[in-house]
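Start at 1 with the first residue, then count along the sequence.
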Amino acid sequence: MAERQPLEAEAIFKMLVARGVDFVVVGGLAAVLHGSPRNTWDLDLGFATDAANLTALGNVLIELGARLYGIEEDVPFVPDADTLRRTEILTLSTDLGKVDLLTRPQGAPRYELLREHAVAKDIDGVRVLIASIPDLIAMKSAAGRPKDLADIAELEAIQRLS
């Protein structure tokens, strides 16, 4: 089994923010940033799909050396705006860790509402939007995997304590 690459989320955030990418952190790392003790090995991002944002995000992905996750063969792949425009879910390996891109995360509201509901957090000196706890619970409920159901219980407890 291949060794898991460490996730350098802070460095990825800095690149995304510096280039003006409009994104919201979703998934396991969003739960962690709200206070969950769970471990996560990837960065899940929802993002705006307008042309300028797709270009900015594509440029960051190219800079990160993004390639299709789990594909060992050398297949032609360029994570640019054209590719992003045609995909709803993209799982990538990058030089800074695994990144999952989702234009419509299952159970989430449309991106504009996901962004509006999001909570801004300072992560290593950059302002990052994190999906709200209610939106994370909705996404975890829609996914329905055992680990997501456990995350829901934790998120509900975090919400009660907030």
Where the side chain of [X] meets the backbone of [Y], is there a donor-acceptor pair that is under 3.5 Å apart?
X	Y	value
Ser93	Arg67	no
Asp148	Ala143	no
Glu10	Val126	no
Arg115	Tyr111	no

[atom1]/[X] to [atom2]/[Y] distance, rounded to the nearest 0.5 angstrom?
X	Y	atom1	atom2	value
Glu156	Arg160	CD	CZ	6.5 Å
His34	Gln159	NE2	CD	9.5 Å
Leu149	Glu154	CG	CD	12.0 Å
Met139	Asp151	CE	CG	11.5 Å
Phe13	Leu45	CZ	CG	7.0 Å
Glu8	Asp95	CD	CG	9.5 Å

Can you find a heavy atom in the side chain of [X] that is under 4.5 Å from one in the side chain of [Y]?
X	Y	result
Leu84	Pro79	no
Leu96	Met15	yes
Asp135	Val24	no
Leu29	Asp44	no
Glu88	Thr103	yes
Leu7	Lys98	no
Leu68	Leu90	yes
His117	Pro109	yes

- Message: I'd like to know if the side chain of Asp42 pairs up with that of Tyr69 as donor and acceptor (distance under 3.5 Å, no hydrogens or angles considered).
- Response: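 There is no such pair between these side chains.
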Can you see which heavy atom on [X] is nearest to which on [Y], and at what distance?
X	Y	answer
Ile71	Val75	CG2-CG2, 4.0 Å
Gly35	Ile158	C-CD1, 3.6 Å
Val21	Phe23	O-CD2, 3.4 Å
Gln5	Gly97	NE2-N, 3.4 Å
Lys140	Gly28	NZ-N, 3.9 Å
Ala131	Leu136	O-CD1, 3.7 Å

- Item | Exceeds 12 heavy-atom contacts within 6.0 angstrom, atom CZ of Arg104 |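 No, because the 6.0 Å sphere around CZ of Arg104 holds 12 heavy atoms or fewer from other groups.
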- Query: Is it true that atom CG of Asp124 has more than 12 heavy atoms of other residues, nucleotides or ligands lying nearer than 6.0 Å?
  - Reply: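 Yes, because the 6.0 Å sphere around CG of Asp124 holds more than 12 heavy atoms from other groups.
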- Task: Just do the salt bridge (Lys or Arg N to Asp or Glu O under 4.0 Å) check on Asp80 and Arg85 with the steps written out, would you?
- Result: CA-CA 9 Å; Asp80 59 8; Arg85 190 174 296 107; over 6 Å; no
Would you say [X] and [Y] are hydrophobically clustered, going by side-chain heavy atoms of ILVMFWY under 4.5 Å?
X	Y	value
Leu129	Leu54	no
Leu43	Leu57	yes
Val99	Val32	yes
Leu33	Ile133	no

- Message: With side-chain contact (heavy atoms from CB on, under 4.5 Å) as the test, pick out the partner of Phe47 among Leu101, Leu102, Leu114.
- Response: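 The residue from Leu101, Leu102, Leu114 that satisfies side-chain contact (heavy atoms from CB on, under 4.5 Å) with Phe47 turns out to be Leu101.
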- Message: Using side-chain contact (heavy atoms from CB on, under 4.5 Å), reason through Val78 and Ile62 one step at a time and then give a plain yes or no.
- Response: CA-CA 7 Å; Val78 179; Ile62 290 167; 4.1 Å; yes
